[in-house]
Number of protein chains: 2
Amino acid sequence: MIQKNSADCAEKCVIREILDVIGGKWSIPIIHTLFDGTKRFMELERSIPGINTRMLVKELKNMEANGIVERTVYPTVPPTVEYTLTEKGKQLEPVIHELHNWGSKFVSKEKKPSLK
Amino acid sequence: MIQKNSADCAEKCVIREILDVIGGKWSIPIIHTLFDGTKRFMELERSIPGINTRMLVKELKNMEANGIVERTVYPTVPPTVEYTLTEKGKQLEPVIHELHNWGSKFVSKEKKPSLK
DNA sequence: CGGAATCCCTCAAGATACTG
DNA sequence: CAGTATCTTGAGGGATTCCG
């Protein structure tokens with residue numbers, strides 16, 4: 001039996017932190033795109049339909065701050081910036097896989113009312 | 001065309017749907033509490049420090065609409081309402097486990113700047 | 001090209017008070 | 001007890017313009 005108080009809260013807090021990283025609207029699409037390998041800023045922008053500049057910048061900064069992606073700047077003119085998944089970021093694969101696995105079993109087979 | 005393939009977009013959409021279910025601030029704590037078994041409304045409220053009535057109701061309704069929990073009403077006075085994880089809800093365990101597993105490897109060891 | 005700065009809007013989330 | 005009903009705040013997200 002799991003301990004029900006302090007350790008319990010800690011576990012929830014950890015998951016909260018994770019969701020702060022991958023819970024954003026564009027986090028998964030970005031990570032998913034970067035699974036293919038290093039991408040430039042504009043490549044990401046083009047690879048992810050619907051995202052806008054500000055959101056991409058914001059998410060990338062958040063991910064960088066959380067050690068998910070690495071940002072590399074090449075001093076060219078015009079500037080070249082590349083984004084790569086870190087080891088920490090790459091290890092999100094089983095998480096996303098499990099998410100997708102659960103989803104393929106249940107979600108989108110039914111209709112969700114989306115009550116407001 | 002623009003996308004690599006259509007299954008790619010579908011996959012992302014599915015994960016989006018999942019995060020709509022478990023991405024809420026209180027979703028995981030509630031699910032986690034319900035892993036212990038059926039709980040009454042007030043038991044949930046007491047088991048989850050910091051949550052307020054409105055949020056608990058809202059999350060539970062959302063989860064019920066998504067087939068994660070089942071709501072059972074007993075016609076007593078005062079009313080008795082019980083919440084139980086459905087099979088679909090129970091199968092979130094590997095997902096949460098994988099989330100936690102990733103988190104315990106990386107999160108909370110470093111410090112997150114939480115830049116704005 | 002890769003952002004930063006601004007403005008704007010919607011909605012998640014919180015605090016309380018009330019009710020069948 | 002198990003919720004509604006309101007009001008309020010703030011964060012997340014979007015569109016656009018500007019800059020080195």
Side-chain angles (χ1 to χ4, degrees), chain A residues 12-13 15-30 33-34 38-66 69-84 112-116, chain B residues 12-13 15-30 33-34 38-66 69-84 112-116:
Chain A
K12 289 173 193 168
C13 291
I15 294 182
R16 249 298 94 219
E17 290 189 64
I18 302 169
L19 289 177
D20 286 342
V21 178
I22 66 165
K25 181 172 178 180
W26 301 104
S27 307
I28 304 268
I30 293 173
T33 302
L34 287 176
T38 300
K39 301 273 184 226
R40 294 184 62 174
F41 185 87
M42 210 197 181
E43 287 184 288
L44 284 171
E45 205 166 12
R46 280 190 286 105
S47 299
I48 303 168
I51 199 172
N52 64 42
T53 308
R54 204 185 67 94
M55 274 301 109
L56 182 53
V57 172
K58 208 176 171 189
E59 291 276 12
L60 285 171
K61 272 193 176 169
N62 186 35
M63 290 174 176
E64 192 192 359
N66 284 280
V69 300
E70 189 182 2
R71 181 173 176 269
T72 312
V73 183
Y74 298 95
T76 59
V77 176
T80 303
V81 180
E82 287 184 348
Y83 290 91
T84 312
K112 299 196 306 174
S114 87
L115 68 160
K116 289 259 151 173
Chain B
K12 289 171 193 168
C13 291
I15 293 181
R16 249 298 95 218
E17 291 189 64
I18 301 169
L19 290 177
D20 285 342
V21 179
I22 65 164
K25 181 172 178 182
W26 300 106
S27 306
I28 303 270
I30 293 173
T33 303
L34 286 176
T38 300
K39 300 273 185 231
R40 296 185 61 175
F41 186 88
M42 208 198 179
E43 287 183 289
L44 284 171
E45 206 166 11
R46 279 190 287 106
S47 299
I48 303 167
I51 199 170
N52 65 42
T53 308
R54 205 186 68 92
M55 275 301 109
L56 182 53
V57 171
K58 208 177 171 188
E59 290 276 12
L60 285 171
K61 274 192 176 171
N62 186 36
M63 288 174 178
E64 191 192 0
N66 284 281
V69 300
E70 189 182 3
R71 181 172 176 270
T72 311
V73 183
Y74 297 94
T76 58
V77 177
T80 303
V81 180
E82 287 185 348
Y83 291 90
T84 313
K112 300 196 307 174
S114 85
L115 69 161
K116 291 241 129 182

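Labels below follow one simple rule: chain letters A, B, ... track the order of the sequence lines, proteins then strands, and each chain is numbered from 1.
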Winner on side-chain proximity to A:Val81, out of C:dC1, D:dG3, C:dG3, is C:dG3
With the side chain defined as heavy atoms from C-beta on, A:Lys61 is closest, among D:dC1, C:dG14, C:dA4, to C:dA4
Mind checking if B:Tyr83 touches a base, just sugar-phosphate, or nothing, with heavy atoms under 4.0 Å? sugar-phosphate
Out of C:dG20, C:dG2, D:dG3, whichever nucleotide has its closest atom nearest the side chain of B:Pro79: C:dG20
Name the closest nucleotide to the B:Val57 side chain, picking from D:dG3, C:dA4, D:dG13. D:dG3
Between C1' on C:dC1 and CG on A:Leu60, what's the gap in Å once rounded to a whole number? 14 Å
Any residue of residues 46-56 of chain B with a heavy atom less than 4.0 Å from an atom of DNA chain D: B:Thr53, B:Arg54
If each of B:Lys58 and A:Glu43 is mapped to the nucleotide of DNA chain C with the nearest heavy atom, which maps nearer the 5' terminus, i.e. the 5' end? A:Glu43
How many whole angstroms separate atom CH2 of B:Trp26 from atom C1' of C:dA15? 13 Å
So for the helix from C:dC1-D:dG20 to C:dG20-D:dC1, with five pairs setting each end axis, what is the inter-axis angle to 10°? 50°
Would A:Phe41 and A:Leu60 satisfy side chain to side chain contact (heavy atoms under 4.5 Å, CB included), going step by step from the backbone distance to the final call? CA-CA 9 Å; A:Phe41 185 87; A:Leu60 285 171; 4.0 Å; yes
Does B:Arg40 make a side-chain N or O approach to OP1 or OP2 of D:dA2 shorter than 4.0 Å? yes
Which residue lies more 5' along DNA chain C, comparing B:Gly23 with A:Pro78 via nearest heavy atoms: A:Pro78
Among the candidates C:dG14, C:dG2, C:dG3, find the nucleotide nearest to the side-chain atoms of B:Lys25. C:dG14
